[in-house]
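Predicted, not measured: the structure shown is a model, and the values here were computed from it. Only heavy atoms go into these numbers, but all of them, side chains included; no hydrogens, no water, no symmetry mates.
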Amino acid sequence: MQAPVQDAITVAEEQEKWLADAMALVQHHAFFMHRALDANNLRDALKFSAQMLSELRTSKLSPQKYYELYMRTFDELRKLEIFFKDETKRGRTNADLYELVQHAGNILPRLYLLCTVASVYIKSKEAPAKDILKDLVEMSRGVQHPVRGLFLRSYLSQISRDKLPDIGSEYEGRLVSLRNTYIKSGDAVSAKLLHCKFSRLQGPAREKERREKERRELRDLVGKNLHVLSQLEGVDLDMYKDVVLPRVLEQVVNCKDEIAQYYLMDCIIQVFPDDYHLQTLETLLGACPQLQPTVDVKTVMSQLMERLSNYAASSSEVLPDLLHVEAFAKLSSAVVKVIEAQPDMPLVGAVSLHVALLTFTLRVHVDRLDYVDQVLGACVKKLEGKGKVKDSKATKQIVALLSAPLEKYNDVVTVLRLTNYSKVMEHLDYETNKVMAVVIIQSIMKNNTSISSSEKVDALFELLKELIKDSEGAPSMDEIDEDDFMEEQNLVARLVHMLVNKDHEEMFKILTTARKHFGQGGPKRLKFTLPPLIFAALKLVRCLQGHDAGDEALVSPKKIFQFLHQTVEALSTVPAPELALRLYLQCAEAASDCSLEPVAYEFFTQAFLLYEEEIADSRAQVTAMQLIIGTLQRTYVFGVENRDTLTHKATGYSAKLLKKPDQCRAVYACSHLFWLEEDGGTQDGERVLLCLKRALRIANAAQQMSSVTRGSSGPLTLFVEILNKYLYYFEKGIPQVTSNLIQGLLELIGTELQSENTAQDRAVDAFFASTRRYIQFQKQKGDDLAERYSSIQVVSPP
Amino acid sequence: MVLVLALGDLHIPHRAPDLPAKFKSMLVPGKIQHIISPGNLCIKEVHDYLKSLCPDLHVTRGEYDEDLRYPESEQLKIGEFKLGICHGHQVIPWGDLDSLAMLQRQLDVDILITGHTHQFKAYKHEGGVIINPGSATGAYSSISYDINPSFVLMDIDGLRVVVYVYELIDGEVKVDKIDFKKPQTAA
């Protein structure tokens, strides 16, 4: 079978010619066979099929050419099988057929025909399958030629595939020896085949595709043989361990063909049962480092690991076996050996091996965090000195390595216990590291994981450090996309709500730890990260409110307010004055609820200072005043002096807002600062009225300005608003707000509305109308309030 | 029958990470015709999420909203009802129903949707109805203690509106309903 190289081309041509000739003959005989089948002529059908099968008696063809011939004949035999089945329906017994086909002259055609009949025979159950198969196997021994024998056995295995009988004890002995022979012969055949044929498949590059195809077909056939081997009863564990596996592995390693090696390893793994693999783990793994460097050994090993982990998952009794054979130890040292044996293995290969091992560990030894950590540690060692990995494929594998424990445990807190996790993460380049950090945060949010101690916060923020602060390798702020940045930081902000612990001391520690980390984030990050901390702290204050822990306690409202003060101060220097003002006011109200007057006063002071110095935009000023007045109106903690100072400031600034309407509204809002509803609150009717009158003056001035600049009086809406305020205080029973005042204002508005100078304004008309309706409604209610309203006349417009 | 969702004061991400999962699973795109929010969402992601539930989204400005272009107040007509929206931090005293009634008269609306206090309220008075859907995330408020997440769904049908309020109490969603009828007005 070995031909000299220079004759290679002639040989190939020769092979082609022989094959073509043989195929033509097969076709010729098949044509006549079909004619006979159509005519239901069994005798002729058998005659022509035997002639057709004679072509398979050739020794001239190389295995791959023989294969083609075999496949052609195989198709025809299928048709013959169908005919045999129909024959039996027509009354011919299987036994008859079986007898008839044996009249074929030569052994090979005879055997093929027998196998074909056997297929139908066994299915019909007219005779025990064991008997038939035993017969066939015996007779097949007669074909010693390696190639012809291999294909014949292949045909036999194909037709008997699902019909191999169970081992009955009486048969064991007889069958075992049969199987042994089968194995040995099959084995010898495949060995020879591998040796000769794969080495023959070299040649010019343009033939490469054809070669690949032939290689694949060939290995499929050998694979099938292995498959049959595996299904044979009698190949028990000992035989596998001592005979079959070592021999097959020897052949695999020696053939030195990468496609064959890969496929055959794959075959071995898929085809033999899992507990066999478990018991022969070392042998099997031992072959891996000896394979060609170009073989995708990681896929081979990961397939093995996957099978073993599926096996472990299938039943709980399996696990002790796995532990017993120390599967993990063997697999992890095998990984190391493979990597050592192939120093040129690219990084992506090495990491993917670790990924496969990690997947196995997570499925089989999910509680053993130390194993998981060990795998990560092995990878860290491999990555040592490589800095930030630039190869994108290797990076992808590293990300897979890091994501696996996250997905498995669904609990970042467990992942935080893996000491090597952060070290692996360090090798990701900047962008990928951030992506991984985002994945971690999303895992926390999705699983509602609480990060409940300051140590955990430290560990977590270590993993998230590229998001939280600027590191040396990071691109500068101008290069970063703003929208992406905002999205990331908002995600970090959401994370803050997961840092919780019901124990107040621990909670405070968590807040201070987080604050420390965020403080290193630079001005651009603070306005995203600090506000959620501040609200978390305010919530903590509420929990502590009312408990008097005393000054010795590690956490108290006072201490938290100190923390809050520093934190909001940091925001105002960002600068983010409007945000800081709002937060100071939140703190002020909280301090007031805790009855801490000096603390509340300090917060109000800071808010006012920000207003004076930093808030220049007129619209922002309006909102800021609304918030200051609104908060001040609700705080009851202040004594007379402090309250007066703050109120005075508020009204002063209100009157100084730029636009007159804004001034007017802010001033009448201030009226509420002098009328606090709850017990102990100031109720000063004089000052209320003063505010309202001041508001009226401003409204008048606004009117006049409008008529000077635009030629008509401005909308009267401000007057109607103030009228409503009068009604509000009238109903509260403030003596200073008399029905006369209200009457006067009603008439004023009514007159103004009818004047030519006034621009028509549907909104004002509607507002005035609904206000008048309200007064009418109150008058008709028939209660004490109605009494008071009785002196007010509502003027209807003409 | 027109379904209007009213929800506000989510304060994401400053005071809450997200809407409660039970609410999120109830809010499905395509079922609601209008969404009204008094404000304080606070970030664009929340705006986009609400927009995905229903394209007709009306938001007024809360004092923490990132988008400064939201109006201070808005009026719209749905069916026979005139609705007004305003966050409410502009109306002092905060949460005071009489002062809010004044705003309602000023906007000339039948239903005023407002927020800021994070406390659910449905208040009927001479001029109409004031509805505060509360805080959809149960966010911290200096004004109210012990807040449960809540939102409101209004079913407007002719002159009648049924207000369904959904509240998340101890992990379970509880629903309550209130009926309002608008009097037939002479033209």
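With a threshold of 4.5 angstrom between heavy atoms, A:Lys781 does not approach chain B through any atom at all. The part of B:Ala16 that comes within reach of chain A is its backbone (N, CA, C, O), which places non-hydrogen atoms under 4.5 angstrom from that chain. Contact of A:Glu677 with chain B is not made at all, since no heavy-atom distance falls under 4.5 Å. Neither the backbone nor the side chain of A:Met625 comes within less than 4.5 Å of any heavy atom of chain B. Using a 4.5 Å cut-off between heavy atoms, A:Arg619 touches chain B through its side chain atoms alone. Neither the backbone nor the side chain of B:Gln104 comes within contact range of chain A; no heavy atom of the residue lies under 4.5 Å from a heavy atom of that chain. In this structure, chain A has heavy atoms under 4.5 Å from both the backbone and the side chain of B:Glu63. Both the backbone and the side chain of A:Leu538 come within less than 4.5 Å of a heavy atom in chain B. Proximity to chain A is absent for every atom of B:Gln75, based on heavy atoms less than 4.5 angstrom apart. Heavy-atom distances place both the backbone and the side chain of A:Arg582 under 4.5 Å from chain B. Heavy-atom distances place both the backbone and the side chain of A:Tyr774 under 4.5 Å from chain B. Proximity to chain B (any heavy atom under 4.5 Å) is shown, for A:Ser671, by neither the backbone nor the side chain. No part of A:Gln778 comes within reach of chain B, as not one of its non-hydrogen atoms sits under 4.5 angstrom from that chain.
Open room surrounds NZ on B:Lys31; 12 or fewer heavy atoms of other groups in view lie less than 6.0 Å from it. More than 12 heavy atoms of other residues, nucleotides or ligands lie within 6.0 Å of NZ in A:Lys732, so this atom counts as buried by the packing criterion. Under a cut-off of 6.0 angstrom, the local environment of NZ in B:Lys24 is crowded, with over 12 non-hydrogen atoms contributed by other residues, nucleotides or ligands. Taking a 6.0 Å sphere around NZ of A:Lys659, one finds it holds 12 or fewer heavy atoms contributed by other residues, nucleotides or ligands. Atom CG of B:Asp146 has 12 or fewer heavy atoms from other residues, nucleotides or ligands within 6.0 Å. Within a 6.0 Å sphere centred on NZ of A:Lys779, other residues, nucleotides and ligands contribute more than 12 heavy atoms.
Across A:Pro531, A:Ala624, A:Ala493, the residue that shares the most heavy-atom pairs under 4.5 angstrom with chain B is A:Pro531. Each of B:His11, B:Gln90, B:His125 has some count of heavy-atom pairs under 4.5 Å with chain A, and the biggest count is that of B:Gln90. The choice from B:Val91, B:Asp108, B:Ile143 that makes the most heavy-atom pairs within less than 4.5 Å of chain A is B:Ile143. The candidate from A:Leu727, A:Thr631, A:Leu495 with the greatest count of non-hydrogen atom pairs under 4.5 Å with chain B is A:Thr631. Counting heavy-atom pairs under 4.5 Å between each of A:Arg773, A:Glu721, A:Glu487 and chain B puts A:Glu721 at the top.
There is a side-chain donor-acceptor pair under 3.5 Å between B:Arg61 and A:Thr623.
A:Leu585 CG to B:Ser142 OG: the interatomic distance, rounded to the nearest 0.5 Å, is 9.0 Å. Atom NE2 of B:His89 and atom CD1 of A:Ile629 lie 12.0 Å apart (nearest 0.5 Å). Rounding to the nearest 0.5 Å gives a distance of 4.5 Å between CG of A:Asn724 and CZ of B:Arg105. The CG atom of B:Asp98 lies 11.5 Å from the OH atom of A:Tyr729; values are rounded to the nearest 0.5 Å. The line from CZ of A:Arg542 to OH of B:Tyr140 is 4.5 Å long, rounded to the nearest 0.5 Å. Put simply, CD on A:Gln626 and CH2 on B:Trp94 are 9.5 Å apart, with the number rounded to the nearest 0.5 Å.
Inter-residue side-chain proximity for B:Ser99 and A:Lys725 is flagged as met; some heavy-atom pair is nearer than 4.5 Å. A 4.5 Å side-chain heavy-atom check between B:Glu126 and A:Gln780 finds every atom pair outside the cut-off. The side-chain heavy atoms of A:Met486 and B:Ile43, taken from C-beta on, include no pair separated by under 4.5 Å. A:Tyr728 has its side chain within reach of B:Pro93: a pair of non-hydrogen atoms, C-beta onward, lies under 4.5 Å apart. Using a 4.5 Å heavy-atom cutoff, the side chains of B:Tyr64 and A:Leu583 are in contact. You'll find the side chain of B:Gln106 reaches within 4.5 Å of the side chain of A:Thr717, heavy atoms only.
When every heavy atom of B:Pro17 is checked against every heavy atom of A:Met498, the shortest pair comes out as CG-CE, 4.2 Å. For B:Ile92 against A:Gly630, the heavy-atom pair with the smallest separation is CD1-N, 3.8 Å.
Ring planes of B:His14 and A:Phe535: parallel class, angle under 30° (limits at 30 and 60°).
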